[in-house]
Amino acid sequence: MRKIILFLTISIFTLFVNVSCNKKENITTQPPVANTVDVSILAMSYSPATVTVARGTIVKWTNTSGSPHTVTADNNTTFNSPTLAPGNMFSVTTATVGTFPYHCLIHGISMSGTLEVTN
């Protein structure tokens with residue numbers, strides 16, 4: 001009888017240890033949310049005109065004026081929005097460190113800004 005009680009005690013203890021060691025906690029991880037910086041497109045300017053952000057930041061331009069505009073990197077390749085009607089927006093996620101001057105294709109370099117991306 002003692003052997004049976006000892007066997008049952010060891011079996012229950014072993015079962016308890018296995019259950020508690022295999023218990024998984026519900027831990028959820030979320031990827032970091034990228035920062036977003038807003039730039040307003042005004043009648044003939046970008047506000048702020050110069051934006052300095054860390055790499056990985058989302059920069060969002062919103063046309064708050066009454067006329068169409070673009071957001072076009074001076075090198076014409078880094079970023080180039082379509083023509084943005086009033087109320088429309090354009091965004092880029094910064095991936096490359098550097099200084100990127102930009103302008104409105106419709107209004108020329110008199111309407112310009114600078115995007116500076118740091119590490």
Side-chain angles (χ1 to χ4, degrees):
M1 183 69 158
R2 286 184 186 176
K3 288 183 179 181
I4 294 174
I5 293 175
L6 180 61
F7 174 77
L8 288 175
T9 303
I10 291 173
S11 297
I12 292 170
F13 177 77
T14 303
L15 179 65
F16 175 78
V17 169
N18 283 338
V19 168
S20 24
C21 288
N22 290 329
K23 183 179 177 185
K24 294 181 181 177
E25 294 185 35
N26 291 328
I27 299 174
T28 57
T29 57
Q30 298 287 331
V33 177
N35 290 330
T36 301
V37 173
D38 293 311
V39 178
S40 294
I41 303 173
L42 307 175
M44 287 300 291
S45 64
Y46 301 99
S47 180
T50 299
V51 178
T52 303
V53 299
R55 186 174 53 184
T57 301
I58 297 168
V59 180
K60 180 177 73 174
W61 290 266
T62 303
N63 185 355
T64 60
S65 78
S67 59
H69 295 285
T70 71
V71 179
T72 304
D74 286 359
N75 65 13
N76 247 3
T77 58
T78 305
F79 51 89
N80 185 12
S81 75
T83 299
L84 302 173
N88 286 357
M89 65 182 92
F90 171 73
S91 65
V92 296
T93 302
T94 58
T96 305
V97 173
T99 299
F100 307 96
Y102 62 92
H103 63 280
C104 175
L105 282 177
I106 299 166
H107 298 102
I109 60 170
S110 62
M111 183 175 174
S112 61
T114 304
L115 173 58
E116 296 178 355
V117 182
T118 62
N119 249 340

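Just so you know, residue 1 is the first one in the sequence shown, and it goes up from there. Just so it is clear, the structure is predicted and the values come from calculations on it, not from any experiment.
Using cut-offs of 30° and 60° for the angle between ring planes, the His107 and His69 rings count as tilted. Using a 30° and 60° split on the angle between ring planes, Phe79 and Phe90 fall in the tilted class, from 30° to 60°.
Under a hydrophobic-cluster definition in which Ile, Leu, Val, Met, Phe, Trp and Tyr are linked whenever side-chain heavy atoms come within less than 4.5 Å, directly or via other members, Val92 and Val37 are assigned to the same cluster.
For the atom pair CG of Asn63 and OG of Ser40, the computed distance is 9.5 Å after rounding to the nearest 0.5 Å. In this structure, the separation between CG on Leu105 and OG1 on Thr70 is 4.0 Å, given to the nearest 0.5 Å. If you take CG on Asn80 and CG on Asn75, they are separated by 9.5 Å, rounding to the nearest 0.5 Å. From Arg55, atom CZ reaches atom OG1 of Thr94 across 8.5 Å, with rounding to the nearest 0.5 Å. Interatomic distance, Thr83 OG1 to Ile106 CD1, rounded to the nearest 0.5 Å: 4.5 Å. The CG atom of Asp38 lies 10.5 Å from the CD1 atom of Ile58; values are rounded to the nearest 0.5 Å.
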> Stepwise, does the side-chain contact (heavy atoms from CB on, under 4.5 Å) test hold for Thr114 with Thr99?
Replying inline: CA-CA 7 Å; Thr114 304; Thr99 299; 3.6 Å; yes

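In terms of heavy atoms, Pro86 sits closest to Ser67 at CG-N, 3.8 Å. Between Val117 and Ala54, the closest heavy-atom pair is CG1-C, 4.2 Å. The two residues Asp74 and His103 make their nearest non-hydrogen contact at OD1-ND1, 2.6 Å. Shortest non-hydrogen contact noted between Met111 and Leu42 is CE-O, 3.9 Å.
Contact annotation: the side chain of Asn35 never approaches that of Val53 to less than 4.5 Å [non-hydrogen atoms, C-beta and beyond]. Residues Tyr46 and Val51 form no side-chain contact, since every pair of their non-hydrogen atoms from C-beta on lies 4.5 Å or further apart. Looking at heavy atoms from C-beta onward, Tyr102 lies in side-chain contact with Val39 at the 4.5 angstrom threshold.
Side-chain atoms of Ser91 do not come within 3.5 Å of backbone N or O of Val59 as any donor-acceptor pair.
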